[in-house]
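Both backbone and side-chain heavy atoms feed into the values below; hydrogens, waters and symmetry mates do not. Every value quoted in this text rests on a predicted model; they were computed, and no experiment measured them.
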Amino acid sequence: MQNIPSRHPLHRRSFLHATGKFAAAAAVLPTTLLAQKTTEQEKHEQNYDVSITEGLMREHGILKRVLLMYDEVIRRIDAKEDFPPRTVIDSVEIIRNFIEDYHQKLEEDHIFPLFRKYYRRQDVLRLYAQKLLDLVDVLSEQHQAGRRLTDRIASTLQSLKTQDDRQKLAQDLRAFIRMYTPHEAREDTVLFPALPVIIPRQEYQALGEKFEEMEHKTFGGDGFDMYLDSVTAFEKSLGIYDLKQFTPK
C-alpha cells in the first residue's frame, strides 16, 4: 500500500512529532528559547496541510456534529420541550450547502468515478474492485435519499405548527441520522483509505490541489473553518457545546 502523501512537505506524523517535542520542552526551556521555539512551531503549522482523505474525514466531522444537533432536537420533541427553529433551519442549510452541494458533489464528480474507472482496469483484483464498486453504488443512492430527506426536513421546519408536524420532523431526522451514521463510517474506513491505493501518487497529489482550489473558489476561503465556526455557534444555541455533559456519571 502506498504512503498517503500530503499536499505540502510536512506530513501529519512529522507535525504531531514536532508538537510533542515542543510540549515536552516547554517546561524546561528559558523564556527566550521558548519564544524561538514558538516561532518555529508557527512556521510548521503554516506549512502543514491535510491529505485528501483527511480533508474528507474532517468534513465528515462537520456532518457528525450536525447529526448531534439533530439528535438533540429529537430528544426535545420526544420530551415535549421547545427548541429554536431558526438554529435547526440554519443547521439544515449546513447540510445542504456544505455537505450535499460541496462535499458530496466532490465525491460524486471526482471520487466515485475513480473507483468505477478502477473496476474497468484489467490488472486489478476483481473481487476487491467489485466490493468497492458495489459500495460506491450504495453511497450514491444514499446521497440522493439524503437530499430528499433534507428537502422534507426543510419544508416541515417552515410550517412547524402542530404536534404532528413535530413528530414528522423527528421521524425524518431519525431517518437521516440512521442512514448517515453508517454511511460516513463506511466511507471513512473502506472507501477513503482505498483511494491512495487505486490511483498513482502524482494523480493523488494533483487531485488534492484541485480540491483545495475548488474549496477556495466555492467559499472564498477555507470552507471547513467557516462551517466549523457556524456549527460551534449552533451547538451553543442548543446547549450541547460543552463536551463534559456527555460524560456518564
Side-chain angles (χ1 to χ4, degrees), residues 6-8 10 12 15-16 18-19 22-23 38 41-76 82-108 110-111 143 146-147 149-151 153-154 157-158 160 169 173 176-177 180-181 183-185 187-188 192 208-247:
S6 173
R7 294 196 294 269
H8 290 273
L10 183 65
R12 175 178 174 81
F15 172 72
L16 293 176
T19 304
F22 172 62
T38 302
Q41 175 74 2
E42 290 173 350
K43 291 180 180 178
H44 280 307
E45 291 176 356
Q46 290 171 359
N47 290 331
Y48 173 69
D49 205 348
V50 297
S51 68
I52 299 174
T53 50
E54 187 179 354
L56 292 168
M57 290 177 185
R58 287 200 320 168
E59 291 164 10
H60 275 177
I62 298 293
L63 172 59
K64 287 184 178 76
R65 291 175 72 164
V66 175
L67 295 185
L68 287 172
M69 290 190 281
Y70 280 6
D71 188 62
E72 171 64 13
V73 173
I74 293 169
R75 186 197 67 78
R76 294 193 187 190
D82 290 332
F83 59 88
R86 183 72 253 171
T87 297
V88 185
I89 291 171
D90 290 340
S91 301
V92 172
E93 287 304 304
I94 291 178
I95 293 294
R96 194 191 302 277
N97 296 331
F98 187 67
I99 300 300
E100 295 176 348
D101 292 348
Y102 172 69
H103 172 87
Q104 290 182 353
K105 198 77 166 56
L106 288 181
E107 293 177 341
E108 293 161 358
H110 302 280
I111 302 296
H143 282 184
R147 290 182 174 106
L149 277 173
T150 296
D151 288 342
I153 291 168
L157 282 166
Q158 295 299 329
L160 202 61
L169 175 63
L173 292 176
F176 195 92
I177 294 170
Y180 271 110
T181 299
H183 176 101
E184 63 180 353
E187 287 187 336
D188 286 349
F192 296 162
E209 292 170 0
K210 183 174 184 178
F211 280 9
E212 187 173 6
E213 291 173 2
M214 293 175 66
E215 180 178 14
H216 282 260
K217 182 178 179 180
T218 301
F219 302 111
D222 191 322
F224 171 80
D225 285 342
M226 295 175 185
Y227 280 96
L228 180 60
D229 289 342
S230 297
V231 164
T232 299
F234 299 155
E235 286 173 339
K236 290 178 179 179
S237 176
L238 285 170
I240 60 170
Y241 176 73
D242 185 0
L243 194 61
K244 291 185 292 185
Q245 68 184 289
F246 299 104
T247 306

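- Counting only heavy atoms from C-beta outward, the side chains of Tyr227 and Glu93 never approach each other to under 4.5 Å.
- Summarising the geometry, atom CD belonging to Glu59 is positioned 11.0 Å from atom CD belonging to Glu187; distances are rounded to the nearest 0.5 Å.
- Nearest heavy-atom pair, Ser91 versus Val66, reported as atom, atom and distance to 0.1 Å: O-CG1, 4.0 Å.
- Side-chain atoms of Met57 and Ser51, non-hydrogen and from C-beta on, never get closer than 4.5 Å to each other.
- Ring geometry for His143 versus His183: interplanar angle of 30 to 60°, hence tilted.
- With sequence neighbours excluded, no residue forms a salt bridge (Lys or Arg N to Asp or Glu O under 4.0 Å) with Asp71.
- Looking at Ile153 and Leu157, their side chains come closer than 4.5 Å, going by heavy atoms from C-beta outward.
- Using cut-offs of 30° and 60° on the angle between ring planes, the pair Phe219 and Phe98 is tilted.
- Summarising the local packing, NZ of Lys105 is surrounded by 12 or fewer heavy atoms from other residues, nucleotides or ligands at distances under 6.0 Å.
- For the pair Arg76 (side chain) and Leu238 (backbone), a donor-acceptor distance under 3.5 Å is present.
- Among the candidates His103, His216, His110, the single residue satisfying the ring pair (Phe, Tyr, Trp, His ring centres under 6.0 Å) test with Phe211 is His110.
- Rounding to the nearest 0.5 angstrom, the gap separating the CG atom in Leu68 from the CZ atom in Phe234 is 15.0 Å.
- Note that CD1 of Ile74 is 5.0 Å distant from CG of Leu173, once rounded to the nearest 0.5 Å.
- Between Phe192 and Ile52 there is no side-chain heavy-atom pair separated by less than 4.5 Å.
- Side-chain contact between Leu67 and Glu184: present, with at least one pair of heavy atoms (C-beta onward) separated by less than 4.5 Å.
- Contact check for Thr218 versus Glu215: no side-chain heavy atoms found under the 4.5 Å cut-off.
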Walk me through it: do His60 and Tyr180 pass the test side-chain contact (heavy atoms from CB on, under 4.5 Å)?
CA-CA 10 Å; His60 275 177; Tyr180 271 110; over 6 Å; no
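- A pairwise comparison of heavy atoms in Val231 and Ile94 identifies CG2-CD1, 3.7 Å as the closest pair.
- Atom CG in Leu63 sits 10.0 Å away from atom CD1 in Ile177 (nearest 0.5 Å).
- How far CD of Gln245 is from CG of Leu243: 8.0 Å, rounded to the nearest 0.5 Å.
- Within the 4.5 Å cutoff, side-chain heavy atoms of Ile240 are placed close to those of Met69.
- At least one donor-acceptor pair under 3.5 Å links the side chain of Asp222 to the backbone N or O of Asp225.
- Note that Arg58 lies in the cation-pi zone of Phe224, set by a 6.0 Å cut-off to the ring centre and a 45° limit from the axis.
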Steps toward salt bridge (charged side-chain N to carboxylate O under 4.0 Å, His left out) verdict (Glu72, Arg75):
CA-CA 5 Å; Glu72 171 64 13; Arg75 186 197 67 78; 2.9 Å; yes
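- Distance CD1/Ile89 to CZ/Arg96: 11.0 Å, rounded to 0.5 Å.
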Intermediate values then yes/no, salt bridge (charged side-chain N to carboxylate O under 4.0 Å, His left out), Arg86 and Asp90
CA-CA 6 Å; Arg86 183 72 253 171; Asp90 290 340; 3.1 Å; yes
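- Side-chain contact between Leu169 and Phe83 is present, with at least one heavy-atom pair separated by less than 4.5 Å.
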